[in-house]
Amino acid sequence: MQFTVATWNVNSVRLRLPLIERFVTLRAPDILCLQETKCPDDRFPRADFARLGYEHVALHGQKGWHGVAIASRIPFADVTREHFCGRNDARHLTVNFAAAGLAVPVTIHNFYIPSGGDEPDPATNDKFAHKLAFLDELAASAACRDAAAGARSLLVGDLNVAPLEHDVWSHRQLLDVVSHTPVEVEKLTAMQRAGAWIDVMRRFIPEPEKLFTWWSYRSPDWARADKGRRLDHIWASPALAGAAREMSVFRDARGWERPSDHVPVVATFEL
DNA sequence: ATGGTGGGCCACCCA
């Protein structure tokens, strides 16, 4: 069986509904993992997703900010919503496709990792300290433990870290910019090691090719300047990585009317 | 060195 997964930080699911419709019409992912939905669960536009073929929806939202969701054409079970760092932020959602008629269960973890504020110093910036603590806690989590132990799982989402040299437009100029500082890159990499996660995007587009999923709203001519970063990721556990068949970054979406500052990343797996 | 834009929501919080 083949399935296609997309991850997209939509920056308000309600505002971005027309773009979501356009994207799923073009790419038809089976499973759509969203971040920054900014939508309480009781106001999530379930009917619109059902109309687009996504009858199965798992939600972990809150009013005003953060929020993650998984919309799927395939039924799933065992929805879990974890909290990190003792906060109630809606930043995590896991679903399991064990009950979906698959020969082998597949688990998908959808994350919206804290962005970390502006100042890359945990002593003076609580948001950066929170980001680092979140990465530490995730490295010690069951999601990573199970992935390393042989589970078939994906970890996707807006991880808010661009770990590799060519995940940013200028490695040298971004070394002190939150998202690419050595300390957070090391923590993300440690978390990746803890799960033995395989970076699916870079299996298809290896360094040194530039690979971005986010372009700032503050860039007046984002496409020409192309000062992007790879903040969004699809990681596969060792047991699932070999099933990856293709991957693409849907860059077009950044040029649509009223876009998110992130674009969808899509990957197809064959079990 | 700074400011640029775009979300939610009604005073500023956040990215």
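Residue numbers begin at 1 in each chain, while the letters A, B, ... track the order of the sequences.
Taking A:D126 as the reference, nothing meets the salt bridge (charged side-chain N to carboxylate O under 4.0 Å, His left out) condition, with sequence neighbours excluded. With sequence neighbours left out, A:R251 forms a salt bridge (charged side-chain N to carboxylate O under 4.0 Å, His left out) with A:D226. With sequence neighbours left out, A:W222 forms a ring pair (Phe, Tyr, Trp, His ring centres under 6.0 Å) with A:W215. Remark: A:H180 engages A:H171 in a ring pair (Phe, Tyr, Trp, His ring centres under 6.0 Å) (not counting sequence neighbours). Evaluation of the side-chain hydrogen bond (donor to acceptor under 3.5 Å, both in side chains) rule for A:E270 yields no partner, not counting sequence neighbours. Partners of A:F44 under the ring pair (Phe, Tyr, Trp, His ring centres under 6.0 Å) rule, at least two apart in sequence or in another chain, are A:F49.
Listed by residue number, the members of residues 59-69 of chain A with any heavy atom below 4.0 angstrom from DNA chain B are A:K63, A:G64. The stretch residues 210-231 of chain A touches DNA chain B through A:Y217, A:R218, each having a heavy atom within less than 4.0 Å of the strand.
Listed by chain and number, the hydrophobic cluster partners of A:L231 are A:W214, where partners are ILVMFWY side chains within reach of under 4.5 Å, directly or through others.
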Name each donor-acceptor pair under 3.5 Å that joins a side chain in residues 262-269 of chain A to protein atoms two or more places apart or in another chain, with its distance.
from, atom 1, to, atom 2, distance (Å)
A:H262, ND1, A:D232, OD1, 3.3
A:H262, ND1, A:D232, OD2, 2.8
A:T268, OG1, A:T4, OG1, 2.9

A correct dot-bracket answer for DNA chain B, with pairs being Watson-Crick or G-U at under 3.5 Å, [ ] for crossing pairs and | for inter-strand pairs, is ....((((...))))

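Nucleotides B:dA15 and B:dG4 place their C1' atoms 14 Å apart, quoted to the nearest Å.
Residue pairs meeting the side-chain hydrogen bond (donor to acceptor under 3.5 Å, both in side chains) criterion with at least one partner in residues 136-154 of chain A, sequence neighbours excluded, are A:D136-A:K187.
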